[in-house]
Protein chains: 2
Amino acid sequence: MSTIGKALALLDSLCELDRDIGLSDLARLSALDKATTRRFLVELEKYGFVEQDGETRKYRLGAAPVRLARIRQARFPFASVAAPFVKALADAVGETVHLSEFAGGRLATIHVEDSTQAHRVIVDVGATLPLHATASGLAFLAFLPKAEAGRALARPLQRFSPETVIDADAVRTLLAETAARGFSVNRQGFETGVISAAAPIVAPNGRPVGALAVAAPIARADSAKILDIGERTAAAASAIAEKYYGTKR
Amino acid sequence: MSTIGKALALLDSLCELDRDIGLSDLARLSALDKATTRRFLVELEKYGFVEQDGETRKYRLGAAPVRLARIRQARFPFASVAAPFVKALADAVGETVHLSEFAGGRLATIHVEDSTQAHRVIVDVGATLPLHATASGLAFLAFLPKAEAGRALARPLQRFSPETVIDADAVRTLLAETAARGFSVNRQGFETGVISAAAPIVAPNGRPVGALAVAAPIARADSAKILDIGERTAAAASAIAEKYYGTKR
DNA sequence: AATAGAGGTTCAAATAATGAACCGCAAGCG
DNA sequence: CGCTTGCGGTTCATTATTTGAACCTCTATT
């Protein structure tokens with residue numbers, strides 16, 4: 001593995017924490033030598049990707065990504081173009097809606113509109129969505145070329161709840177249904193008690209770039225309800241693609 | 001220079017462009033071998049920091065920083081905490097106001113509130129502000145320990161306009177004035193026709209972490225006006241620090 | 001006073017980065 | 001058309017960087 005890959009993997013480890021971390025702990029966590037970890041951190045800090053607390057000497061994610069993100073979003077305002085649609089969908093269905101984008105081999109949440117109801121599903125911005133175990137992931141995979149989707153199902157699939165579908169062929173069946181229907185449904189496969197429906201955001205070249213999903217407490221969404229939500233989600237997803245890519249396509 | 005540093009520098013080069021760029025061009029621009037450039041790009045792409053256009057084969061900044069930025073901002077909501085103060089200041093003075101943060105050895109704009117007037121100064125989000133030639137940079141330097149400020153003035157200072165102060169000692173005089181007054185003023189030093197006033201955002205440990213600045217067309221801001229703006233900017237900057245760091249300090 | 005573990009550093013050994021030369025392809029041109 | 005130019009991308013012997021066990025120093029705990 002290249003040095004760059006190792007350094008970026010280290011940065012990823014750092015992101016998964018929601019608190020600062022010491023050198024030794026981080027070295028253990030990322031399975032790198034302490035000296036190597038330190039060299040990487042120093043280098044990453046020079047560029048602002050990592051920040052060291054002056055007092056505790058612990059490390060955390062730096063501010064540089066904020067700058068890069070602004071530059072990226074000035075050119076590709078995916079989240080800001082989508083935001084009003086996400087909000088409208090959240091208002092319409094009364095449940096938590098989240099938008100994810102595929103980048104760096106992972107589908108990650110980039111925008112969340114919380115349900116206004118007291119009993120609601122909480123989704124963290126920045127969280128990674130497993131492709132086989134979330135409605136967003138299924139929606140994304142279902143619209144990817146078969147070969148590429150297969151690659152995501154090649155490794156053993158991780159279980160997240162008792163209901164997680166971890167058999168690759170069973171997932172393929174779900175993908176076929178999703179492709180036919182235009183949206184995916186995931187019943188408690190990621191978190192017990194949560195049901196989701198999601199639809200992909202598809203670029204003009206036919207590739208999905210992300211997904212729009214609604215997550216509801218299972219008590220509030222029977223089969224008919226979730227199908228209705230799915231339809232609305234699919235409509236909102238294509239509205240986002242239309243707006244973002246211009247009316248063409 | 002380490003491989004990581006080279007790769008991140010390459011990423012920086014990529015950021016400075018506002019359009020996609022081909023492999024050969026980018027290699028020339030970043031003074032790396034073509035093969036090396038490609039290896040770096042492939043590695044960066046794996047992690048989503050770089051994106052290659054499937055049709056043109058050109059490269060651009062990827063979406064991964066957006067995810068990292070969200071994670072960072074969930075923990076340190078500097079921009080979102082500051083936003084209302086920036087807006088209030090913009091409304092009060094009727095000019096463009098921008099907020100910058102220091103990270104990775106550069107002061108970069110992270111939020112802008114445009115003036116509502118037709119004739120206004122445009123500031124790009126994500127842009128890097130030279131420390132010696134902008135009001136923001138002077139405000140930042142003035143509140144940094146002398147030794148560190150000195151380091152920023154050690155190299156030859158770049159000229160951006162006929163009025164740019166490029167003599168280190170002259171800059172030091174400006175810094176002393178700024179420290180005494182609590183805000184900096186920059187008269188056309190960065191862009192001809194633009195006058196700015198800025199104040200640092202200072203952390204509880206005494207270190208400046210960024211700056212708040214107002215930029216106005218010089219025709220609209222005489223000496224008295226700019227001093228008034230400076231006072232308001234300094235007040236807003238300390239209000240931001242107070243809010244962001246809690247009432248302590 | 002002794003111990004454990006933290007952050008950080010060193011230098012010979014091991015490994016990964018490097019870049020000149022190469023390929024195949026497409027566009028521009030006489 | 002055939003030739004040239006420059007593109008994106010690849011190869012592999014050479015070279016320079018990365019690596020990590022052992023080390024140091026400092027602080028907190030016992």
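Throughout, protein chains are lettered first and strands after them, A, B, ... in sequence-line order, and every chain is numbered starting at 1.
When atom types are taken as modelled, the side chain of S136(A) and the backbone of A198(A) share no donor-acceptor pair closer than 3.5 angstrom. Listed for the S184(B) side chain is a donor-acceptor partner under 3.5 Å among the backbone atoms of A135(B). With hydrogens and angles disregarded, a donor-acceptor distance shorter than 3.5 Å links the side chain of S238(A) to the backbone of A235(A). Side-chain atoms of Q52(A) come within 3.5 Å of backbone atoms of R57(A) as a donor-acceptor pair (strictly under, hydrogens ignored).
Partners of R159(B) according to the side-chain contact (heavy atoms from CB on, under 4.5 Å) rule, which considers only residues two or more places apart in sequence or in another chain, are T164(B), I166(B). Checked against ring pair (Phe, Tyr, Trp, His ring centres under 6.0 Å), F76(A) has no partners two or more places apart in sequence or in another chain. With sequence neighbours left out, A83(B) forms a side-chain contact (heavy atoms from CB on, under 4.5 Å) with H111(B). For I122(B), the side-chain contact (heavy atoms from CB on, under 4.5 Å) partners two or more places apart in sequence, or in a different chain, are R120(B), D124(B).
Against DNA chain D, the stretch residues 20-29 of chain A makes no heavy-atom approach under 4.0 Å. For the contact set between residues 50-60 of chain B and DNA chain D, defined by any heavy atom under 4.0 Å, the members are Q52(B), R57(B), Y59(B).
Among pairs with a residue in residues 171-180 of chain B, those fulfilling salt bridge (Lys or Arg N to Asp or Glu O under 4.0 Å) read D169(B)-R172(B), at least two apart in sequence or across chains.
For the helix from dA1(C)-dT30(D) to dG30(C)-dC1(D), the rotation axes defined at the first and last 5 base pairs enclose an angle of 30°, given to the nearest 10°.
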Give me, pair by pair, the N or O atoms of the protein and of nucleotides 24-26 of chain C that are less than 3.5 Å apart, along with how far apart they are.
none

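Residues L10(A) and F40(A) meet the side-chain proximity criterion, which asks for heavy atoms closer than 4.5 Å. With contacts defined as side-chain heavy-atom distances shorter than 4.5 Å, the pair K34(A)/L23(A) qualifies. When side chains are defined from C-beta on, L11(B) counts as touching F49(A), because their heavy atoms get closer than 4.5 Å. Residues L14(B) and L44(B) fail the side-chain proximity criterion, which asks for heavy atoms closer than 4.5 Å.
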Check: residues 137-158 of chain B side-chain donor-acceptor pairs under 3.5 Å, at least two apart:
{"from": "E148(B)", "atom 1": "OE1", "to": "R207(B)", "atom 2": "NH2", "distance (Å)": "3.1"}
{"from": "E148(B)", "atom 1": "OE2", "to": "R207(B)", "atom 2": "NH1", "distance (Å)": "2.9"}

If you look only at distance, which donor and acceptor atoms sit under 3.5 Å apart when one is on a side chain in residues 60-69 of chain B and the other is two or more places apart or in another chain?
{"from": "R60(B)", "atom 1": "NE", "to": "D20(B)", "atom 2": "OD1", "distance (Å)": "3.1"}
{"from": "R60(B)", "atom 1": "NE", "to": "D20(B)", "atom 2": "OD2", "distance (Å)": "3.3"}
{"from": "R60(B)", "atom 1": "NH1", "to": "E51(B)", "atom 2": "OE1", "distance (Å)": "2.5"}
{"from": "R60(B)", "atom 1": "NH2", "to": "D20(B)", "atom 2": "OD2", "distance (Å)": "2.9"}
{"from": "R60(B)", "atom 1": "NH2", "to": "D53(B)", "atom 2": "OD2", "distance (Å)": "2.8"}
{"from": "R67(B)", "atom 1": "NE", "to": "G126(A)", "atom 2": "O", "distance (Å)": "3.2"}

_Base-contact (B) and sugar-phosphate-only (S) positions in nucleotides 14-30 of chain D, heavy-atom cut-off under 4.0 Å, - elsewhere_ = ---SSBBB---------
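Phosphate proximity of dT10(D) to R38(B): present, with a side-chain N or O under 4.0 Å from OP1 or OP2.
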